[in-house]
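Chain A is the first sequence line, chain B the second, and so forth, proteins listed ahead of strands; every chain is numbered from 1. No hydrogens, no waters, no symmetry mates; every other heavy atom, side chains included, goes into these values.
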2 protein chains.
Amino acid sequence: MVTGSERADAARNRAAILAAAAELFDRDGVEQVSMNDIARAAGVGKGTIFRRFGDRTALIEAVLLPRSVAMRRLVDHGPPPLGPGGEAADALHAYLDLLLDFVWENRALIRALEHRVPHAYYAHSSSRYWLTELARRLAATHPQDTDYLTYILSTALRADVLDYLISVRGMDPEQVRAGLHRLAVSATRGPGTPLADVDRRSVS
Amino acid sequence: MVTGSERADAARNRAAILAAAAELFDRDGVEQVSMNDIARAAGVGKGTIFRRFGDRTALIEAVLLPRSVAMRRLVDHGPPPLGPGGEAADALHAYLDLLLDFVWENRALIRALEHRVPHAYYAHSSSRYWLTELARRLAATHPQDTDYLTYILSTALRADVLDYLISVRGMDPEQVRAGLHRLAVSATRGPGTPLADVDRRSVS
DNA sequence: CACAATACGGACCGACGGTCCACATCGGCA
DNA sequence: TGCCGATGTGGACCGTCGGTCCGTATTGTG
């Protein structure tokens, strides 16, 4: 091989492992799938998985990565309102929608990561990017309470919080979406109205 | 023995196990302490622990229980403003202080529980009491957005969130307290002021 | 004191994440 | 094409964990 790049069989196995892991995680739930399960499904020895990915946490991250990268491209270089160039308020709302969808769709992987590394949601380098971008878009529309709003919104966007509200409490995802948008503009509205009935059925 | 009550040696062991567990959890961190460690420290066989408490989760709950019970007595039968009989706004703020202190002081145990049972913070029967009481006190001062405020405040009071803000981000606990109180009265204030600078240094 | 009920403790179990290394495969080069 | 060092492989193996089991010891009641 020309350089220190990956050997052909190694690349094939990496792809097989990622595909098997994604499939099993999705089908059985991340915590239910052991490294042996993945190895068997990928037609590979367990040692190969650890050689390629290091440990279980890194494998989960590797499954999540491409989805995150695709999304990031939309944010950095896609068309407005999500990408650069649009009006600030639209950019903020498009971004909130994107984050909500992403977290919801990948809640299983995200929760598994949070479960394995203490403050993954806030501390992980990948997450930092999303929080920073959220803060930037909030700053463009609400110079006042940016920091606190960022904190509140990011907490409301946690995978476990969403999962609880929607899966356990039976809240409609669209209600959550509406609540987020309402919260995001709360600094410009009067008292009483902005936070009203985000979810009448929530915590009783 | 007169009734189906506990034998003397059993009671002695139960106390020894609880004491050893509390000490080790506090000293080394919950996740670092194995059931064998606790058995050794308590001078007891591992089987005895499982016979008494069922499993690891139940043991952690048993360590947390007395602290929770003591607190609950204050809320239900203690003197105002925390106990019944005081003015509604004072009762709310006293209650927020109590919850914050409790969660902060017992964050290690609470986080360990949340780590072991999926939605412990919201779903666990003991927690439900605290959330219900919070909702009641909020309803007395803010008939409007009770549900949503309860949800926001309860999220802001999560052990992992507090732990992150204070331990990782270096935020002063008193800032968090001020933020909670400010949030709790936000429905009665105008825009801009209520959420202002709860923490200028939070999420950047 | 006798003896049934209760409790004890540590050997044992299965499963897990992770390591190790004898062996197989790859691919640049002559 | 065939050689051979670099790279990759797989599954036996390891230490640890939560949890179980059961022969033995303790308790307290009639």
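Residue pairs meeting the side-chain hydrogen bond (donor to acceptor under 3.5 Å, both in side chains) criterion with at least one partner in residues 68-94 of chain B, sequence neighbours excluded, are B:Asp76-B:Tyr129, B:His93-B:His181.
Between the CZ atom in A:Arg137 and the OG1 atom in A:Thr141 there is a gap of 10.5 Å [rounded to 0.5 Å]. In this structure, the separation between CD on B:Glu105 and CD1 on B:Ile110 is 10.0 Å, given to the nearest 0.5 Å. Note that CD1 of A:Ile49 and CG of A:Leu18 are 10.0 Å apart. Values are rounded to the nearest 0.5 Å.
Using a 4.0 Å heavy-atom cutoff across all strands shown, A:Arg52 reaches sugar-phosphate atoms only and no base atom. Across all strands, A:Ala39 comes closer than 4.0 Å to no nucleic acid atom at all (heavy-atom distances).
Nucleotides of DNA chain D nearest to A:Gly47 and B:Asp9 differ in position, and the one nearer the 5' end is that of A:Gly47.
Distance, A:Arg40 CZ to D:dA12 P: 12 Å, rounded to whole Å. Between the CZ atom of A:Arg51 and the C1' atom of C:dA24 there is a distance of 13 Å, rounded to whole Å. Atom-to-atom, CG of A:Leu59 to C1' of C:dG18 comes out at 13 Å; the value is rounded to the nearest Å. Put simply, CD1 on A:Ile60 is 14 Å from C1' on C:dC16, counting in whole angstrom units. Look at CD1 on A:Ile38: it is 11 Å from P on C:dG18, rounded to the nearest Å.
Between B:His115 and A:His115, the ring-plane angle classifies as parallel under the 30° and 60° cut-offs.
Between the side chain of A:Arg7 and the base of C:dT25, a donor-acceptor pair under 3.5 Å is found.
Put simply, A:Thr48 has a side-chain N or O that comes within less than 4.0 Å of OP1 or OP2 on D:dG10.
Residues B:Ile17 and B:Leu59 meet the side-chain proximity criterion, which asks for heavy atoms closer than 4.5 Å.
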Polar pairs (N or O, both sides) under 3.5 Å between protein and nucleotides 16-19 of chain D?
residue : atom : partner : partner atom : Å
D:dG18  : OP1  : B:Arg56 : NH1          : 3.2
D:dG18  : OP2  : B:Met35 : N            : 3.1
D:dG18  : N7   : B:Lys46 : NZ           : 3.4
D:dG19  : OP2  : B:Arg56 : N            : 2.8
D:dG19  : N7   : B:Lys46 : NZ           : 3.0
D:dG19  : O6   : B:Lys46 : NZ           : 2.2

